[in-house]
Trainee: 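Can you read through this structure? Questions will come right after.
All ligand and atom numbering here is 1-based and tracks the order in the structure.
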Amino acid sequence: MVERIDELYRESLTLYTSPILKSGGLKYLSDKYIPENPLYRKEHILKLSKWVYEFIDNSIPGTIFLEGPSGTGKTMCFKIVEKFANRRMQEESISESRIIYINGRNRTIMNVLTEILNTIGVHTPHRGLSYGEVISRLLETSRRVPIHVCIDEIDQLRVYQDSFNVEDLLYLFSRNEGLSLTTITNNYNFLGDLEDSRVRSSITKEKNLIFERYNKKQCFDILWERCENAFRKNVISEGVVSKLADYVSDVSGDIRDGIDTLRACVEICQGDGLQIIDEKVLERAVELYRNRRMIQKIHALSNSQRTVLAAYYFNIISNGRTEQTMEEIFDMYYTLREKMGKTSTIQDVRARVADLVTFSLLESIKSGRGPRKGVERRYRALIPMEVIYRALITDPELSDIAKGLIDEVRKKRLRNYI
Ligand SMILES: Nc1ncnc2c1ncn2[C@@H]1O[C@H](COP(=O)(O)OP(=O)(O)O)[C@@H](O)[C@H]1O
Ligand SMILES: [Mg+2]
């Protein structure tokens with residue numbers, strides 16, 4: 001018995017030990033990991049920390065703006081400065097202050113404010129508080145203990161009760177002692193789009209940091225450091241990482257793309273029992289990652305846009321035609337919408353097909369109807385069928401209908417075959 005359990009124990013260790021990853025190496029391939037050695041962002045970190053220290057030490061209001069495309073280290077820089085500020089408070093016996101990080105995605109202004117209160121330990125009753133009550137409790141606290149809040153992805157914040165929006169929040173943090181703010185966005189129009197003149201006049205752009213995309217060398221250095229921490233010796237070469245850096249800097253300059261692709265490499269090696277990430281594995285990982293991104297992009301479309309794509313797909317599996325006319329797409333779209341209890345018009349479909357062409361998911365081609373019959377416009381997918389299929393069967397709203405239709409087509413084929 002003891003022997004068997006020992007054997008099982010050893011097997012559990014071998015299974016857990018990866019031939020390619022160092023023990024604990026996976027954490028370096030997470031985009032939540034804050035690097036010990038943040039490259040190329042020293043200036044940003046120093047400026048940001050100086051401004052945050054100034055705000056909290058003097059209890060003055062104000063806003064810092066961090067702008068730049070996705071995966072350029074904005075969140076990372078704030079998280080590092082948050083750590084620095086807390087460390088400084090302990091080491092230098094600076095009087096108490098609070099730094100709070102909140103992501104604005106899918107939250108309302110009210111959610112953000114109550115989250116701040118909860119984090120600083122202000123009791124909020126079960127019945128909830130009114131907007132005014134929340135503000136007065138916040139101001140009461142911030143007069144005693146300066147609070148610096150970071151709202152990441154601030155452009156994603158939602159309006160509360162049709163009246164309190166992001167401008168109210170900016171106004172609040174620009175006028176009240178002890179309250180200051182860092183906002184992060186990848187929308188360059190965010191500041192320009194603010195309409196409220198009260199807010200415009202009270203914010204200055206002098207505390208504004210721009211994050212540029214990383215170039216190839218920078219991508220390489222950042223990714224190489226991750227690889228050295230994550231992988232065992234000789235699992236991945238500089239040449240392969242350089243190829244990855246080439247790809248990342250070419251398509252986006254977003255380090256997250258590189259890190260996610262490295263995780264896809266791990267998945268492929270684990271699935272196939274490989275011990276080296278060579279160029280072939282990398283190519284497969286790039287493809288896998290690209291397809292996953294495409295599926296995410298499809299899921300982010302509106303219901304009717306996704307239904308158009310579904311209609312195109314079902315036409316292919318039922319009649320094999322990859323180039324389809326608007327009418328063909330409309331017929332299938334109509335059937336699908338009927339199953340969902342929704343109506344449809346050809347104008348609707350025209351507009352949605354045009355959207356998909358704009359998003360580079362479909363392309364429009366002219367094809368001949370036959371001799372002397374003129375030409376007609378047809379549509380064809382720019383993404384692999386496999387990707388559309390995966391997107392459909394994992395679609396939160398369409399998957400049941402999709403699976404049902406796929407089954408129907410399969411049965412029909414089987415009947416014809418017999
Ligand atoms: N200069 C850098 N050095 C090391 N890692 C970086 C650097 N910039 C970004 N990263 C890493 O890339 C990932 C994405 O960065 P993040 O700060 O989340 O980007 P953003 O907020 O701009 O979208 C994180 O894992 C982060 O640690
Ligand atoms: Mg971020």
Trainee: Are E115 and R107 ion-paired here, with the side-chain N under 4.0 Å from a carboxylate O?
Mentor: yes

Trainee: Looking at every non-hydrogen atom in both residues, tell me the closest pair between M385 and Y312 and how far apart they are.
Mentor: CE-CE2, 3.8 Å

Trainee: Sort by chain and number the protein N/O/S atoms found under 2.8 Å from the Mg ion (ligand 2).
Mentor: T75 OG1

Trainee: Is I34 near ligand 1, meaning one of its heavy atoms is under 4.0 Å from it?
Mentor: no

Trainee: Which ligand 1 atoms are under 4.0 Å away from a heavy-atom of S70?
Mentor: 23 (O)

Trainee: Heavy-atom contacts under 4.0 Å between K74 and ligand 1: side chain, backbone, both, or neither?
Mentor: both

Trainee: Going by an N to O cut-off under 4.0 Å, is there a salt bridge joining D221 and K217?
Mentor: yes

Trainee: Thinking salt bridges, do K79 and D152 make one under a 4.0 Å N-O criterion?
Mentor: no

Trainee: For ligand 1, which part of T75 has a heavy atom less than 4.0 Å away: the side chain, the backbone, both, or neither?
Mentor: both

Trainee: Please determine whether any non-hydrogen atom of Y40 lies less than 4.0 Å from an atom of ligand 1.
Mentor: no

Trainee: Which atoms of ligand 1 have any heavy atom of I259 under 4.0 Å away?
Mentor: 12 (O), 25 (O)

Trainee: Of all residues at least two apart in sequence or in a different chain, which pass the salt bridge (Lys or Arg N to Asp or Glu O under 4.0 Å) check with D31?
Mentor: R256

Trainee: Using a 4.0 Å heavy-atom cut-off, say whether I255 meets ligand 1 through its side chain, its backbone, both or neither.
Mentor: side chain

Trainee: Any salt bridge linking E54 with K50? Criterion: basic side-chain nitrogen under 4.0 Å from a carboxylate oxygen.
Mentor: yes

Trainee: Can you figure out which of R256, R226, M76 has its heavy atom closest to atom 11 (C) of ligand 1?
Mentor: R226

Trainee: Can you sort out which atoms of ligand 1 are near Y214, meaning under 4.0 Å from one of its heavy atoms?
Mentor: 1 (N), 2 (C), 7 (C), 8 (N), 9 (C)

